[in-house]
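Reading through the structure tokens given below for one structure.
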Amino acid sequence: ARLAGDAEPRPHDPLLSRTQFRSRQIERAMGQALDQEEFEVWYQPQHGLDDLGLIGSEALLRWKSETLGQVYPDEFIEIAESTGFIKELGEWVLERSMQDTLKLPSDLSVAVNVSGLQMTSDTIVSDVNRLIRDTGFPASRLCLELTETVLFDGTDDLVEKMRDIQFRGVSWALDDFGTGYSSMGYLSKLPIDKLKVDKSFTLCLSTDPAAAPILVAISDLARGLGMTLLCEGVETEDHLNFLKTLHCAEAQGYLFGKPMPYSEFATYVEQEKSD
Ligand code: C2E
Ligand code: CA
Ligand code: CA
Ligand code: CA
């Protein structure tokens, strides 16, 4: 439904830049997209580095809009945050990804991205608890991902909510680690179970001589703090072989699989099981 007072953006309005115009279009289309079932949750496999077995997936939103075509999360998440729609959308992703993962024939984990704005909701703790109860998904198989920026700007209130959710058995991963303002001091004070190293570090291993020593240092840090380490952006055998020399437990990237629709991921799981 169109919001009251939200006039149709006009393409030739000289006061609207091209990106502003696009944002307004996305904002308007997003309102109906959930009801019209235009959103989908795709899954990207995560593997353990000990035996390379499949351990779970990351849930990633996809939106095929009737009016705008394929819109990627890098574009629409920010807009959903600015309008507050992310709270509704985030709850939907959580529910759908737990339901989907339960239908799979293995006890896989699922990692769901949580936006900083969702964490400001007074009901986030009870929402997560309710969704776990309603879906019957084991809390120990649910991981929630927050980015560094969110934590850095975080308040005592945020940390308390994180602790409440962790107390319920859910784990927390720090997403895109290394790209924000990594203040080492705050790391030990937060209820973080896993560091997810940003894909940019893995991806530039072959071109940037600094990438390897940085990854070594991050892996020592994770080990020292007793956190699980997952590296993203694993695209080649070379990447994998390097990560095996680190204290890195898990990997995610195109080498294993790109994000895929649920049905395709179910087939992937079947294949991995029979291997
Ligand atoms: P992210 O959480 O860092 O997600 C990982 C992104 O890296 C995904 O992009 C994935 O497709 C991509 N990727 C994975 N493996 C590789 C690889 O080997 N090489 C390369 N080059 N890229 C790889 P995607 O799906 O476009 O998601 C972009 C961002 O959108 C996510 O970054 C996340 O911050 C946000 N996002 C996606 N779904 C949700 C959601 O449900 N809620 C919230 N709050 N944010 C979401
Ligand atoms: Ca993520
Ligand atoms: Ca990431
Ligand atoms: Ca990212």
Side-chain angles (χ1 to χ4, degrees), residues 26 30 33-34 38-47 56-64 70-98 100-101 109-121 124 127-128 131 142-151 171-180 182 192-207 211 218 229-240 242-243 250-262 264-265 268:
I26 290 176
M30 216 156 34
L34 257 185
E38 291 181 350
F39 285 107
E40 277 188 58
V41 182
W42 286 28
Y43 298 91
Q44 183 175 31
Q46 297 181 331
H47 284 254
S57 70
E58 177 175 4
L60 293 156
L61 263 170
R62 292 293 178 265
W63 177 21
K64 191 145 197 277
Q70 190 80 42
V71 190
Y72 280 92
D74 278 334
E75 195 174 16
F76 69 76
I77 292 290
E78 202 181 311
I79 298 169
E81 284 181 328
S82 72
T83 64
F85 179 64
I86 192 72
K87 290 182 183 175
E88 201 180 333
L89 186 59
E91 213 177 287
W92 179 82
V93 175
L94 256 176
E95 181 169 30
R96 174 57 59 84
S97 54
M98 288 194 280
D100 280 351
T101 307
S109 61
V110 68
V112 183
N113 294 284
V114 175
S115 115
L117 200 92
Q118 274 175 277
M119 292 305 292
T120 64
S121 162
I124 183 68
D127 288 343
V128 170
L131 290 169
L142 177 64
C143 179
L144 299 179
E145 301 191 357
L146 275 181
T147 63
E148 230 171 357
T149 332
V150 171
L151 290 176
S171 59
W172 284 102
L174 182 44
D175 202 2
D176 298 350
F177 184 72
T179 59
S182 317
I192 301 289
D193 304 283
K194 184 186 286 194
L195 291 186
K196 268 192 99 168
V197 179
D198 190 67
K199 56 179 177 282
S200 57
F201 294 98
T202 318
L203 287 175
C204 67
L205 266 174
S206 59
T207 52
I218 293 178
L229 188 67
L230 181 151
C231 286
E232 296 182 321
V234 179
E235 294 189 352
T236 66
E237 291 289 343
D238 282 349
H239 293 158
L240 189 64
F242 176 74
L243 296 183
E250 302 172 1
Q252 178 181 344
Y254 295 170
L255 178 66
F256 302 103
K258 293 191 173 177
M260 53 191 118
Y262 172 76
E264 215 174 292
F265 185 59
Y268 184 91

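Indexing begins at 1, ligand by ligand and atom by atom, following the structure's order.
- Gly233 counts as a contact of ligand 1, since one of its heavy atoms falls under 4.0 Å from the ligand.
- Contact annotation: for Pro259 versus ligand 1, heavy atoms closer than 4.0 Å belong to the side chain alone.
- Here's the thing with Gln252: none of its N/O atoms is less than 3.5 angstrom from an N/O atom of ligand 1.
- Selection from Phe39, Tyr254, Trp63 by nearest heavy atom to atom 16 (C) of ligand 1 gives Tyr254.
- The distance from ligand 1 to the heavy atoms of Glu232 drops below 4.0 Å at these ligand atoms: 3 (O).
- Side chains of Thr236 and Asp238: a donor-acceptor N/O pair is absent below 3.5 angstrom, by distance only.
- Of all the listed residues (Leu94, Asp175, Ile77), Asp175 holds the heavy atom that lies closest to atom 2 (O) of ligand 1.
- Here the shortest heavy-atom distance to atom 28 (C) of ligand 1, taken over Leu255, Asp198, Asp74, Asp176, belongs to Asp74.
- Protein N/O/S atoms closer to the Ca ion (ligand 2) than 3.0 Å number 4 in this structure.
- At least one N or O atom of Leu61 sits closer than 3.5 Å to an N or O atom of ligand 1.
- Residues Gln44 and Glu58 bring no donor and acceptor atom of their side chains to less than 3.5 Å of each other.
- Considering only non-hydrogen atoms, atom 25 (O) of ligand 1 lies nearest to Arg62 out of Arg62, Arg96, Gln44.
- Within the 4.5 Å cutoff, side-chain heavy atoms of Tyr43 are placed close to those of Val110.
- Assignment of Glu81 to the shell around ligand 1 is not supported, since no heavy atom sits closer than 4.0 Å.
- Within the 4.5 Å cutoff, the side chain of Leu94 has no heavy atoms near those of the Val114 side chain.
- Contact annotation for Asn113 and ligand 1: heavy atoms of both the backbone and the side chain come within less than 4.0 Å of the ligand.
- Note: no N/O pair closer than 3.5 Å links Tyr72 and ligand 1 by distance alone.
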